[in-house]
Number of protein chains: 2
Amino acid sequence: MPPIDCAGYNCPVDATLDMIGGKYKALILWHLIDHTLRFGELRKLIPQATPKMLTQQLRELEENNLIIRTVYPVVPPKVEYTLSDLGNSIRPILETMYKWGADYLTQNGVTVNCSMKCPD
Amino acid sequence: MPPIDCAGYNCPVDATLDMIGGKYKALILWHLIDHTLRFGELRKLIPQATPKMLTQQLRELEENNLIIRTVYPVVPPKVEYTLSDLGNSIRPILETMYKWGADYLTQNGVTVNCSMKCPD
DNA sequence: CAGGATCCGAATCGATACTG
DNA sequence: CAGTATCGATTCGGATCCTG
């Protein structure tokens with residue numbers, strides 16, 4: 001493992017955090033694994049996020065090329081979100097974090113009764 | 001704390017993000033791997049963090065039991081920070097994120113020339 | 001040496017209302 | 001349906017000065 005200016009903002013770990021560290025980003029990505037979803041579906045899956053926040057997070061994920069936004073020129077409007085290849089490549093990170101977090105919560109008496117993709 | 005629902009803020013991935021997502025937390029944890037460090041040493045390793053921020057992040061890491069703060073009752077004051085077992089257990093996450101981030105940066109033309117523990 | 005205290009501007013987040 | 005626009009509350013982060 002190669003050198004970089006550790007102190008700088010370009011540490012790989014920080015770069016990763018910048019990509020998925022946003023308020024609802026991990027949740028959005030997780031929901032999109034193996035699922036193409038529409039805006040309204042994401043709203044239902046993540047009700048605590050206001051439309052504004054959801055839009056913002058989705059736009060940032062799109063800018064980072066983690067997700068693909070497809071607009072169908074129909075009425076009523078239809079927009080679908082799906083993971084890009086880059087988005088898919090991040091799956092191992094989410095899974096590693098999921099496992100650690102689940103262990104941690106469990107050991108602290110929190111019952112983890114969902115796979116985080118549960119709201120199905 | 002009772003069961004959680006996916007949509008709630010207690011998804012394991014979010015719990016993990018809450019623990020290591022702070023401004024300099026990943027960096028601090030990374031530096032502490034295999035190293036016990038004093039406050040002043042951390043300051044030199046992470047010069048972009050003001051003392052205030054560094055203290056704040058360290059306190060939060062301590063509250064989450066990721067690090068151990070040892071105060072030696074001497075003058076001048078001497079305080080050492082070291083990873084707890086829980087802190088050590090998070091290493092795989094940091095490494096997974098490091099690898100993904102390094103690949104990403106590399107593929108985007110950013111030269112990653114340090115191991116993030118480089119400032120040695 | 002290792003911080004605490006204080007001030008303040010910037011950024012984030014949320015609730016609500018409105019639109020093509 | 002899939003967002004915008006606006007406003008206000010909260011939080012974050014940095015600069016500066018102070019202390020046991």
Side-chain angles (χ1 to χ4, degrees), chain A residues 7-11 13-15 17-28 31-32 35-64 67-83 119, chain B residues 7-11 13-15 17-29 31-32 35-64 67-83:
Chain A
Y9 69 86
N10 264 335
C11 277
V13 174
D14 282 345
L17 246 20
D18 283 346
M19 304 277 271
I20 65 172
K23 189 100 201 244
Y24 304 110
K25 289 184 182 175
L27 213 38
I28 292 171
H31 282 302
L32 288 177
H35 298 285
T36 293
L37 296 172
R38 298 181 59 176
F39 188 80
E41 295 177 309
L42 283 167
R43 283 200 64 177
K44 290 189 190 75
L45 291 170
I46 312 174
Q48 73 273 30
T50 60
K52 171 188 151 187
M53 284 307 298
L54 197 51
T55 299
Q56 186 186 102
Q57 301 290 300
L58 285 167
R59 290 288 187 281
E60 290 178 14
L61 288 171
E62 191 191 359
E63 278 171 33
N64 291 136
I67 64 173
I68 295 169
R69 178 171 180 264
T70 309
V71 181
Y72 296 90
V74 298
V75 281
K78 176 177 174 181
V79 179
E80 285 186 343
Y81 295 92
T82 184
L83 288 186
Chain B
Y9 69 88
N10 264 334
C11 278
V13 175
D14 281 346
L17 245 21
D18 282 347
M19 304 277 271
I20 65 172
K23 189 97 200 246
Y24 305 110
K25 287 183 183 175
L27 213 39
I28 293 171
L29 292 174
H31 282 303
L32 287 177
H35 298 285
T36 293
L37 296 173
R38 299 182 58 178
F39 187 80
E41 296 177 308
L42 282 167
R43 285 200 62 179
K44 291 189 189 75
L45 291 171
I46 311 174
Q48 72 272 31
T50 60
K52 170 189 154 188
M53 286 306 300
L54 197 51
T55 299
Q56 188 186 100
Q57 301 291 302
L58 285 167
R59 290 289 187 281
E60 291 179 13
L61 288 171
E62 191 191 359
E63 278 171 32
N64 291 136
I67 63 173
I68 295 169
R69 177 170 181 265
T70 308
V71 181
Y72 296 89
V74 299
V75 280
K78 175 178 175 180
V79 180
E80 284 186 343
Y81 296 92
T82 182
L83 287 186

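Basis for what follows: all heavy atoms, side chains included, without hydrogens, waters or symmetry-related copies. Protein chains get the first letters and strands the later ones, always in sequence-line order, with residue 1 at the start of each. If you're wondering where the values come from, they're calculated on a predicted model, not measured in any experiment.
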Here the gap from A:R43 atom CZ to A:M53 atom CE, rounded to the nearest 0.5 Å, amounts to 13.0 Å
Whole-Å distance, A:E80 CD to D:dG3 P, equals 12 Å
Enumerate all atom pairs, one protein N or O and one N or O from nucleotides 8-10 of chain D, separated by less than 3.5 Å.
none

Between CZ of B:F39 and C1' of C:dA2 the distance, given in whole Å, is 6 Å
Rounded to whole Å, the NZ-C1' distance (B:K44 to C:dA2) equals 12 Å
From OH of B:Y81 across to C1' of C:dG3 the rounded distance in Å is 8 Å
Assert: residue with more 5' nearest nucleotide on DNA chain D, out of A:E41 and B:T50, is A:E41
For A:Y24, which contact category applies under a 4.0 Å heavy-atom criterion: base, sugar-phosphate, or nothing?
sugar-phosphate
Nearest heavy-atom contact between B:L58 and B:I67 is O-CD1, 3.4 Å
Between B:H35 and B:L45, is there a side-chain heavy-atom distance shorter than 4.5 Å? no
A:M53 CE to C:dT16 P, in whole Å, measures 16 Å
note: A:L45, atom CG; D:dA2, atom P; distance rounded to Å ~ 13 Å
Residue set satisfying side-chain contact (heavy atoms from CB on, under 4.5 Å) with B:R59, at least two apart, ordered chain then number -> B:T55, B:E62, B:R69, B:Y81
Of B:P51 and A:R43, the one whose closest nucleotide on DNA chain D sits nearer the 5' end is A:R43
Nearest heavy-atom contact between A:I68 and A:L83 is CD1-O, 4.4 Å
Contact check, residues 56-64 of chain B vs DNA chain C, heavy-atom distance under 4.0 Å, returns B:R59
Of all heavy-atom pairs linking A:R38 and A:E41, the shortest is N-OE1, 2.7 Å
Side-chain atoms of B:P77 come closest, of D:dC1, C:dA2, C:dG3, to C:dA2
Self-check item: Residue-phosphate contact under 4.0 Å: B:R38 side-chain N/O, C:dA2 OP1/OP2
Solution: yes
Smallest heavy-atom separation, B:I20 atom then B:K25 atom, equals O-CB, 3.8 Å
When rounded to whole Å, the CD1 to P distance for the pair A:I46 and D:dG3 reads 14 Å
Between CG of B:L37 and C1' of C:dG3 the distance, given in whole Å, is 17 Å
Practice problem: Could you check if a side-chain atom of B:V13 sits within less than 4.5 angstrom of a side-chain atom of A:L27, using non-hydrogen atoms only? | Solution: no
Assign each of B:R69 and A:K23 the nucleotide of DNA chain C bearing its closest heavy atom; nearer the 5' end lies the nucleotide of B:R69
Closest non-hydrogen contact found for B:F39 with B:P51 is CZ-O, 3.9 Å
